[in-house]
Structure formats: structure tokens, C-alpha cells
2 protein chains.
Amino acid sequence: MDFSGLSEHSLEACRARETLDRVAEKWTVMVIALLGDRTKRFGELKRECVGISQRMLTVTLRGLERDGLVVRTVYPEIPPRVEYTLTKLGRTMLEALEPIIVWTESHGDEIDAARAAYDHRTSPEE
Amino acid sequence: MDFSGLSEHSLEACRARETLDRVAEKWTVMVIALLGDRTKRFGELKRECVGISQRMLTVTLRGLERDGLVVRTVYPEIPPRVEYTLTKLGRTMLEALEPIIVWTESHGDEIDAARAAYDHRTSPEE
DNA sequence: CAGGATCCCTGCCGATACTG
DNA sequence: CAGTATCGGCAGGGATCCTG
């Protein structure tokens, strides 16, 4: 594992953080993961992204489209139908995301435990 | 690659997102990566995290300590010396982070290009 | 040196209402 | 159905000043 690019060159690091901001955008990872299955419609994503607002789904999808991670296809029908699909770039990103997604799923408990222990140490009262 | 856990169970997905929020915290990834080299002092991290404020470095490190990803060691000297080290859990997280860090470094240009093309399509004026 | 405490402002994001 | 537009709260985070 070589992180010299990150730790030695601040420019590289800044660049990485810049791109990571996109990953960090609250709903990005979930939307990308949901589209990993297959092409989906707007309403479908909205249903599966529990808790997301209509506005944020739109904003997130626009951002992903802008970054070339997702393609948006509009079918001129009534009622309208819009489908979203991962691009090739989007799929490589999902692959790169997989380890950290798996990590969060398998280490969530450890973090909760560490957090509880920390909170108990710092404020044992109550 | 199986993301059925993410796409089929919204609870799992929520859980993952919750943990990912921590990863998303503006400086988390950079600090973790910088500590990947070796144990470092507060001032050292501050110098290497170009652009971070003193406050945010403190806040970030406290969060990481709380989550059991980093250990904080205070040496009772004058002037004070405080060192930060990745825990075992922290190192596994860094490993899981590596692919996406590498991805951002190697696909930054593609994203920039896609973005420029998108912006040109939607607002060609100027 | 390594922070704690304050002030303050920006922009993220949710809620709501409206449209092709 | 799949958006756009608008308003508003509030928390993330920067700048600054102070301390053991």
C-alpha cells in the first residue's frame, strides 16, 4: 500500500479531496450503489433511497450526470419516463467504492462500541 | 460484485450511509491517509493538511478518536506533545479506502472533462 | 505546542407549492 | 411522473483570540 502520493504531495491530496467531496455528497454513494443493479427510473430511485427528498435526488442525479458517472435518458411519453444508468466511468467508481461500503457494513458495530466507550469515559454521569 | 445488501435492504443502506458520513467529513480521509505513514504530532498534521484550520483538525481528530480509529497520546512535557496513531480498526479502514483514493487520483481528469462538456452543452454562451 | 471558546456566515438540505 | 422554484433553518466550518 503506497500513500506517498497523498502524504507527500499536498497538491495530489487536495485533488483527491476535491473528487472525494463528490463521493461525500450525502446521497452519492447510495444512488451509485442502487444503479449498480441496473438502469432505474426516477421514481424507483426515490422509493429505494429511503429518506431522500425529491429535490436532493434531482440535485444528486444532475451532479452525477455532469461528472459523467450517470446517463440520463428521457422518453418523450405521457406521463414522462426518465431512466438513469451508470456509465462505464460510473461502474469503475462503484467498484472502487465496494471495499469501503463493505467495510462500513462489517465494522459499524465496532464503531458504535468505541463511541459508546468514549462517551462513557468522558461523561460517565447519567 | 454483490450489492444486494445495499439495494435490497434499505436498513443496511442507511447503516452504510451513516458510517459513510464519517468518511465524508471533509478532512477525515486526508487525516487517516496522513497517519497511514506513521504516528504523527498535531503540528505535523496541521502542516501537512494544507488548508485545514486548527479548529477543524482538532474536531476531526476527536471524532476519529471517539470512533476508535485513532489513538491520542499525551506526553506530560513542556511544551506539550501529543501524538496520534491509527488503531488496528483505523488501518483496516485505510485499506478499504485505498481503492477509491486511487480512483479519484486516476480519474480526476475524466471527471473534469465530462464536467466541462456538460457545462458547454447546457450553457454554451460566454 | 496543542488546544478551548466565541463569533459569525455560508450553503446544504428539507418542506412546500407549482408545472409540462 | 418527473421535475422546477422558492423559502428558511441550522449546522459545518473559518477566523480570531485566549490558556495550561
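Computed from heavy atoms alone, side chains included, the values below leave out hydrogens, waters and symmetry copies. If you're wondering where the values come from, they're calculated on a predicted model, not measured in any experiment. Chain naming here is simple, since letters A, B, ... match the order of the sequence lines and numbering starts at 1 in each.
For Arg47(A) and dA2(D), the CZ to P distance is 9 Å, given to the nearest whole Å. Taking atom NZ of Lys40(B) as the reference point, atom P of dC1(C) lies 18 Å away to the nearest angstrom. Spacing between atom CD of Glu83(B) and atom P of dA2(C) amounts to 9 Å, rounded to whole angstrom units. Here the P atom of nucleotide dC1(D) and the CZ atom of Phe42(A) are 11 Å apart, to the nearest Å. Per the geometry, CD belonging to Gln54(A) stands 16 Å off P belonging to dT6(D), to the nearest Å. Atom P of nucleotide dG20(D) and atom CD of Glu77(B) are separated by 19 Å, given to the nearest angstrom. Between the CD1 atom of Ile52(A) and the C1' atom of dG3(D) there is a distance of 14 Å, rounded to whole Å. For the pair Trp27(A) CH2 and dC13(C) P, the computed distance is 10 Å after rounding to whole Å.
Using a cutoff of 4.0 Å between basic side-chain nitrogens and carboxylate oxygens, Arg38(B) and Glu44(B) are scored as salt-bridged.
In this structure, the nucleotide among dC1(D), dA2(C), dG14(C) sitting nearest to the side chain of Met56(A) is dG14(C). Taking the side chain of Arg62(B) as heavy atoms from C-beta on, and the options dG14(D), dA2(C), dG3(C), the nearest nucleotide is dG3(C).
An OP1 or OP2 oxygen of dG3(C) is reached within less than 4.0 angstrom by no side-chain nitrogen or oxygen of Lys46(B). Considering only side-chain N and O atoms, Arg72(A) lies under 4.0 angstrom from the phosphate OP1 or OP2 of dG3(D). Between dA2(D) and Arg55(A), no contact under 4.0 Å exists linking OP1 or OP2 to a side-chain N or O. In terms of phosphate contacts, Arg41(B) brings a side-chain nitrogen or oxygen within less than 4.0 Å of OP1 or OP2 of dA2(C).
Position along DNA chain D of the nearest nucleotide to Thr58(A) versus Pro80(A) favours Pro80(A) as the more 5'-ward residue. Of the residues near DNA chain C, Gly51(A) and Pro79(A), the one whose nearest nucleotide (by heavy atom distance) lies more toward the 5' end is Gly51(A).
In this structure, Ile111(A) CD1 and Met93(B) CE are separated by 6.5 Å, a value rounded to the nearest 0.5 Å. Atom CG of Leu57(B) and atom CD of Glu48(B) lie 11.0 Å apart (nearest 0.5 Å). Atom CE of Met56(B) is separated from atom NZ of Lys26(B) by 8.0 Å, given to the nearest 0.5 angstrom.
Tyr75(B) comes within 4.0 angstrom of nothing in the nucleic acid, heavy atoms only.
Considering only heavy atoms from C-beta on, Thr85(B) stays 4.5 Å or farther from Leu35(B) through its side chain.
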